[in-house]
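Only one structure is covered here, and it is reproduced in the block below.
Just so we're clear, the structure is a prediction, and the values are computed from it rather than from any experiment.
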Amino acid sequence: YEAGGGQMVRVCDGRALPKGNANAVYMLRTFGGKAHEIWDVADPARPVLITRIGDGELRDTHKNWWECDAGIAYLVSGAPGWRVPRMTQIYDLSDPAQPVKIRDFGLHGQDPASTGFIPMYLHGAFSLGASTNRVYMGYGTNKDGLVTVLDREKLLKGPAEPTKENLQYPEIGRITLSALMGAHTVFPMLRMPVAEFDNESDGKVRDFLMIVNEEIVNECREPRQMVWFADITVEATPMIISNWTAPEKSGNFCQRGGRFGAHSSNESIAPVFYKKLAMITYFNAGLRVLDVRNPYQPKEVGYFIPPITEMTDKRCVKIDGKDRCKTAIQTNNVETDGRGYIYIVDRANTGMHILELTGEARAIASAPSNRSSPIAPASSTRPSASTTSSVPTLMTRRSMASSNFMAALRSDCAGGEIREPDCKRLLATSQSQPPRRAQQGGGPRISPAGSPARESGRRSDIAAPRPVPVSGASRTAGATRFAFP
């Protein structure tokens, strides 16, 4: 993507942004490593460039955050003069066509006027908006990690000159991690009741922060990067309370090739999963599903490792000066939606999988019914899962023709939940596809926690329908569009 691709996007509906066009859907993306762009993707086949920020003057643009209700964006950039490749540029993007810069921000020591020690660079921010008045920032990926808890109002309205005093002014608390780990993803879980503390007179409701490190070296050639939980109820003195990692011996992951270790979590705060289940990508160990209702004792309740396909790329290490390469799954990013669907993408070119939970994990989530689901529900045409397993279903284009989906689509269109042009396109597409029933055996299985992981692509519980590989990638005016068969 160095020439102009985007490794991370955020999307805001024009009806949500204070000054947005109600007929637009805005996508904020990085442009290679040198700029940020906003596109109108209301018509996905014909995206329109709205604006470009920092054209050519930035470096290492990366994982942004965009508050759709306020329009405030925290852009991860390498600004001219700053001493690190990534810091924060804060913009008001409430009118995407007219970006307004608020300030440059980072840690003292990263700013242009500093000398001496340089703190680790930023990876990404997470804002819960004006209602909580908090922004969380994670620095480092696989080493020298640091997390800061910031007062959002002070951050946005405080003095902008990047002096030591001004950079420290919004900070409420910080967590200094070991030199062996970073802070790739930070995910706040606030006002969580802890069942163990139900009978306590105080402290039964607490604030937590999940911190996910990133493994960046193949075949276990660096310290293990994991998932950590911090109690941030007393923000000035947060403390790490627990951690979790996928067990290496369950799948001999260090020998499988590619990276083994944590990378990222889902970031949706939709009620279906929030404060109940967390989805963690673990590269060659696939997707791991954690029960986080008690962050003092997180536990795994399922996992899914995609099968290797003909598209899956190799990952190499140097042995005696020569490359030793293995074909390996590298589950990279994950996101969820309000219906309870899980979307994972692979770093080694395997494509996208869309998953659904059943069994214990679904019970924990209290996932909604499939009324508006484009994914065929678990039914009598498939064997029942045990109470400890979670079974995903893969979406294919033809599955959109199921009667429950069509009824839900018409209902959502009538209620204004889906735009009229999209309704026409989806209805036309769905009606043109013959219905396809779920086949015996269902989709690839999210295995019960603790069971041995089978080699990707050779698992006996992989059955039709097969994963649909992403294909037909094309470029339109610098934007990447993906078509599914």
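Here the two rings, on F304 and H353, have centers that are under 6.0 Å apart. Remark: aromatic rings of F187 and W65 are distant, center separation not under 6.0 Å. The distance between the ring centers of F283 and H263 falls below 6.0 angstrom.
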Residue pair L357, I342: steps toward the side-chain contact (heavy atoms from CB on, under 4.5 Å) verdict:
CA-CA 8 Å; L357 300 177; I342 307 162; 3.7 Å; yes
Candidate pair R259 and E214, rule salt bridge (charged side-chain N to carboxylate O under 4.0 Å, His left out), full reasoning:
CA-CA 10 Å; R259 305 184 193 184; E214 179 186 7; 3.0 Å; yes
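Not a single donor-acceptor pair under 3.5 Å links the side chain of N294 to the backbone N or O of V194. Although no hydrogens or angles enter the test, the distance criterion places no donor-acceptor pair under 3.5 Å between the side chain of T51 and the main chain of I38. Here the side chain of N213 pairs a donor or acceptor atom with the backbone of M226 at under 3.5 angstrom. Side-chain atoms of N284 never come within 3.5 Å of backbone atoms of I329 as a donor-acceptor pair (strictly under, hydrogens ignored).
A distance of 10.5 Å separates NZ in K164 from CG in D111, rounded to the nearest 0.5 Å. Within the model, atoms CH2 of W228 and OG of S242 stand 9.0 Å from one another, a figure rounded to the nearest 0.5 Å. Taking CD1 of I241 as the reference point, atom CG of D231 lies at 5.5 Å (rounded to 0.5 Å). A distance of 13.0 Å separates OH in Y139 from CG in L177, rounded to the nearest 0.5 Å. Atoms OG1 and CE, on T350 and M311 in that order, are 8.5 Å from each other to the nearest 0.5 Å. In this structure, the separation between CE on M8 and CZ on R10 is 6.0 Å, given to the nearest 0.5 Å.
The ring pair (Phe, Tyr, Trp, His ring centres under 6.0 Å) search around Y169 returns none, not counting sequence neighbours.
The salt bridge (Lys or Arg N to Asp or Glu O under 4.0 Å) contacts involving residues 89-103 comprise K101-D104, where partners must be two or more places apart or lie in separate chains.
Salt bridge annotation for E248-R224: absent, with no cationic side-chain nitrogen under 4.0 angstrom from a carboxylate oxygen. For E67 and R152, the salt-bridge test passes: some basic side-chain N is under 4.0 Å from an acidic carboxylate O.
Looking at every heavy atom in both residues, V292 comes nearest to M192 through O-CE, 3.4 Å.
Environment of CD in Q168: crowded, with over 12 heavy atoms of neighbouring residues, nucleotides or ligands closer than 6.0 Å. Environment of NZ in K143: sparse, with no more than 12 heavy atoms of neighbouring residues, nucleotides or ligands closer than 6.0 Å.
Screening K314, K318, R315 against D323 for a salt bridge (charged side-chain N to carboxylate O under 4.0 Å, His left out) leaves a single residue, K318.
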